[in-house]
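Here the structure comes first, spelled out in structure tokens, and everything after it is commentary.
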Amino acid sequence: MATKTELSPTARESKNAQDMQVDEVLIPRKVPSLCSARYGIALVLHFCNFTTIAQNVIMNITMVAMVNSTSPQSQFNGSSEGLPVDSFGNLNKAPESLSAKAPVYDWSPQIQGIIFGAVGYGGILTMAPSGYLAGRVGTKRVVGISLFATSFLTLCIPLAADFGIVFLIVTRIVQGLSQCSVIGGQFAIWEKWGPPHERSRLCSIALSGMLLGCFSAILIGGFISETLGWPFVFYIFGGVGCVCCLLWFIVIYDDPTSYPWISTSEKEYITSSLKQQVRSSQQPLPIKAVLRSLPIWSICLGCFSHQWLVSTMVVYIPTYISSVYHINIRDNGLLSALPFIVAWVIGIVGGYLADFLLTKNFRLITVRKIATILGNLPASALIVSLPYLNSSYITATALLTLSCALSTLCQSGIYINVLDIAPRHSSFLMGASRGFSSMAPVIVPTVSGFLLSQDPEFGWRNVFFLLFAINLSGLIFYLIFGEADVQDWAKERKLTRL
């Protein structure tokens with residue numbers, strides 16, 4: 001019969017060292033090289049995230065040119081639900097020169113809202129399954145196929161719009177499923193490629209591509225629409241995605257042992273760093289233990305509260321600035337994109353700073369919580385202060401940029417904490433936590449829109465105070481129950497037969 005036996009004291013000591021901070025004796029210290037294979041993997045993921053988010057954002061920019069500004073039903077008001085760039089005054093005033101270059105449609109604000117929201121439903125549906133699938137069949141297949149799907153569908157959007165609104169909405173829904181599979185499926189690769197004391201910077205490099213994608217789409221999308229016509233925005237970014245997909249299948253391998261261009265020393269360094277975290281395929285995910293795990297719930301709720309902050313910034317802050325200061329930021333792409341490029345830099349720097357603190361003997365949980373605090377509390381506090389700074393648009397823009405930049409520090413905190421507490425099951429659990437947090441972008445527009453419609457005078461203050469309350473609640477729950485030790489249910493149990 002099979003019985004569980006305890007590990008020997010030596011094995012237990014070695015495992016505990018891995019489970020905790022990164023024992024200097026167990027794992028050799030090696031100066032990271034930006035030319036190494038693992039940083040090449042992070043850079044390719046950076047471009048994949050850049051492409052995916054850019055393809056997500058461009059619809060919000062091209063909508064300005066796609067709708068008929070002379071149609072009464074296509075007129076937005078200043079408080080309409082929308083996303084950056086297309087949420088300001090004179091939203092649907094498409095340049096007259098575009099009418100001869102590209103088709104224009106008579107879509108009502110309600111229809112436009114459905115088009116915007118269609119791509120977001122995939123987050124709830126596919127984040128966790130894509131993470132689980134990547135852990136089973138490999139990140140290369142899941143992310144590569146999903147990236148090709150979203151790129152191909154981006155190329156098809158102009159054609160789908162010509163076929164009719166139903167075809168366009170269905171295309172957007174399927175595109176959202178593919179895009180969220182790219183995001184949810186990529187984390188499994190760090191189970192075999194990411195040394196524990198380098199995961200903060202590796203994940204930050206990869207995830208910061210999303211911010212660069214927002215910056216580029218906002219800055220370039222409008223220019224392409226005005227010069228070439230809105231369909232070319234989809235053709236260009238879809239083509240870039242196909243090229244990135246080709247690069248992905250050539251360069252990416254699921255583990256360093258099968259990577260043909262890795263040095264022997266780096267391969268040994270990575271495998272020795274992760275030898276205590278090799279996933280056992282014979283151990284299923286302990287669902288009951290996961291559901292009872294407070295550290296897991298603290299990550300899920302913390303990610304949700306942070307996504308509430310991010311969603312409010314993305315959806316409503318530009319509208320607030322426009323309505324209060326009567327400035328159409330859409331006509332100045334650089335100002336609209338400034339918060340994202342600053343956040344891109346801070347996100348990468350934050351990853352390096354987190355790993356630097358680990359080398360200075362900071363506890364892993366301390367580093368994760370510091371990054372999470374800095375990514376939540378100052379950012380939400382700056383947003384709350386906006387209604388009290390009506391005198392200066394420059395000051396408000398500076399605070400918005402600083403808030404957006406600081407919020408990216410969570411990339412080195414709560415968002416990769418699952419890799420610390422359950423490395424064997426991190427692919428599924430990271431997808432599940434991201435999927436749970438994806439409910440925030442669905443709820444935020446509805447709740448915020450209700451508050452703004454009920455109280456026009458103090459509506460913005462109510463929206464921002466609700467943001468602060470939710471953000472602070474999630475942060476406090478994470479600070480109390482968050483951990484960085486490998487959980488008992490995530491450790492390997494040796495079975496012997498007697």
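Computed from a prediction, not measured in an experiment: that's the story for all the values here.
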Q: Report yes if some heavy atom in the side chain of V119 is under 4.5 Å from a heavy atom in the side chain of M59; otherwise report no.
A: no
Q. Distance from S178 atom OG to I173 atom CD1, nearest 0.5 Å?
A. 12.0 Å
Q | Donor-acceptor under 3.5 Å (W297 side chain, L291 main chain) | A | yes
(Q) The test is side chain to side chain donor-acceptor pair (under 3.5 Å); show your working for T52 and Q179 and say whether it passes. (A) CA-CA 6 Å; T52 302; Q179 290 174 352; over 6 Å; no
**Q.** By side chain to side chain donor-acceptor pair (under 3.5 Å) - contacts of T62 (at least two apart)
**A.** none
Q) Between F50 and F237, what is the ring plane arrangement, given parallel below 30°, perpendicular above 60°, and tilted in between? A) tilted
Q.
Can you see whether S426 engages E191 through a side-chain donor-acceptor pair at a distance of less than 3.5 angstrom?
A. yes
Q: Check the pair W107, L168 against side chain to side chain contact (heavy atoms under 4.5 Å, CB included), reporting the backbone distance first and the verdict last.
A: CA-CA 12 Å; W107 293 335; L168 178 59; 3.4 Å; yes
Q.
What's the separation between atom SG in C404 and atom CD1 in I341, rounded to the nearest 0.5 Å?
A. 11.0 Å
Q: Please list, chain by chain and in numerical order, all residues satisfying ring pair (Phe, Tyr, Trp, His ring centres under 6.0 Å) with W193, sequence neighbours excluded.
A: Y259
Q: Report the residues that fulfil ring pair (Phe, Tyr, Trp, His ring centres under 6.0 Å) with Y235, sequence neighbours left out, ordered by chain and then residue number.
A: F232
Q. Of the non-hydrogen atoms in S433 and C303, which two are nearest, and what is the gap between them?
A. O-CB, 4.3 Å
Q.
Do L419 and C203 have side chains that approach each other closer than 4.5 Å (heavy atoms only, starting at C-beta)?
A. yes
Q. Under 4.5 Å between any side-chain heavy atoms of I41 and L202, yes or no?
A. no
**Q.** Check against side chain to side chain contact (heavy atoms under 4.5 Å, CB included), I421 and D485
**A.** CA-CA 5 Å; I421 66 174; D485 303 336; over 6 Å; no
Q) Between W308 and V447, is any pair of side-chain heavy atoms under 4.5 Å apart? A) yes
Q. Got W248 and V243 here, is their nearest side-chain heavy-atom distance under 4.5 Å?
A. no
Under 3.5 Å, which donor-acceptor pairs do the side chains of residues 477-484 form with other protein atoms, sequence neighbours left out?
from : atom 1 : to   : atom 2 : distance (Å)
Y478 : OH     : N417 : OD1    : 2.8
E483 : OE1    : Q487 : NE2    : 3.0

**Q.** Atom CZ of F304: over 12 foreign heavy atoms under 6.0 Å
**A.** yes
Q: Report yes or no: does R434 contribute a side-chain atom to a donor-acceptor pair with the main-chain N or O of G184 at less than 3.5 Å?
A: no
**Q.** D355 side-chain N/O to R201 backbone N/O, donor-acceptor pair under 3.5 Å
**A.** yes
Q) Who pairs with Y415 by ring pair (Phe, Tyr, Trp, His ring centres under 6.0 Å), at least two apart in sequence or on another chain? A) H306
Q. Is it the case that R368 and S200 place a side-chain donor and acceptor less than 3.5 Å from each other?
A. yes
Q. Backbone N or O of V290 within a donor-acceptor pair of the S293 side chain at under 3.5 Å?
A. no
Q. Between I383 and F468, is any pair of side-chain heavy atoms under 4.5 Å apart?
A. no
Q. Hey, are the side chains of I252 and I189 touching, using non-hydrogen atoms and a 4.5 Å cut-off?
A. yes
Q: Using the side chain to side chain contact (heavy atoms under 4.5 Å, CB included) rule, take W460 and L386 through it: C-alpha gap first, then chi angles, then the decisive distance, then the call.
A: CA-CA 9 Å; W460 287 114; L386 284 176; over 6 Å; no
Q. Just by distance, with hydrogens left out, do T139 and Q186 show a side-chain donor and acceptor under 3.5 Å apart?
A. no
Q | Interatomic spacing from OG1 in T312 to CG in L466 - rounded to 0.5 Å | A | 8.0 Å
Q: Decide yes or no on side chain to side chain contact (heavy atoms under 4.5 Å, CB included) for W230 and I58, but give the supporting numbers first.
A: CA-CA 10 Å; W230 65 261; I58 54 178; over 6 Å; no
(Q) Quick check for you: to the nearest 0.5 Å, what is the distance between L406 atom CG and S380 atom OG? (A) 10.5 Å
Q) Is there a donor-acceptor pair under 3.5 Å between the side chain of N471 and the backbone N or O of L467? A) no
Q: Locate the shortest heavy-atom distance separating S273 from P196; write the atom from each residue and the value.
A: O-CD, 3.9 Å
(Q) For L309 versus S407, what's the shortest heavy-atom pair and its separation? (A) CD2-CB, 4.3 Å
Q.
For S311 versus A440, what's the shortest heavy-atom pair and its separation?
A. OG-C, 4.1 Å
Q) Hey, which of C244, C242, S146 is the one that makes side chain to side chain contact (heavy atoms under 4.5 Å, CB included) with S151? A) C242
**Q.** Reported CG-to-CG distance for the pair L364 and D420, which is rounded to 0.5 angstrom
**A.** 4.0 Å
Q.
Donor-acceptor pair, distance only, cut-off 3.5 Å: does the side chain of S130 make one with the backbone of M127?
A. yes
Hey, can you pull the donor-acceptor pairs under 3.5 Å for the side chains in residues 207-221, sequence neighbours left out?
from : atom 1 : to   : atom 2 : distance (Å)
S208 : OG     : H46  : ND1    : 3.2
S208 : OG     : S204 : O      : 3.0
S208 : OG     : I205 : O      : 2.9
S216 : OG     : L212 : O      : 3.0

Q. Where is the tightest heavy-atom contact between C300 and F436, given as atom of each residue plus distance?
A. O-CD2, 3.4 Å
Q.
If I take atom CE from residue M66 and atom OG from residue S225, how far apart are they, to the nearest 0.5 angstrom?
A. 9.5 Å
Q) At their closest point, which heavy atom of N376 faces which heavy atom of C410, and how far apart are they? A) ND2-SG, 3.1 Å
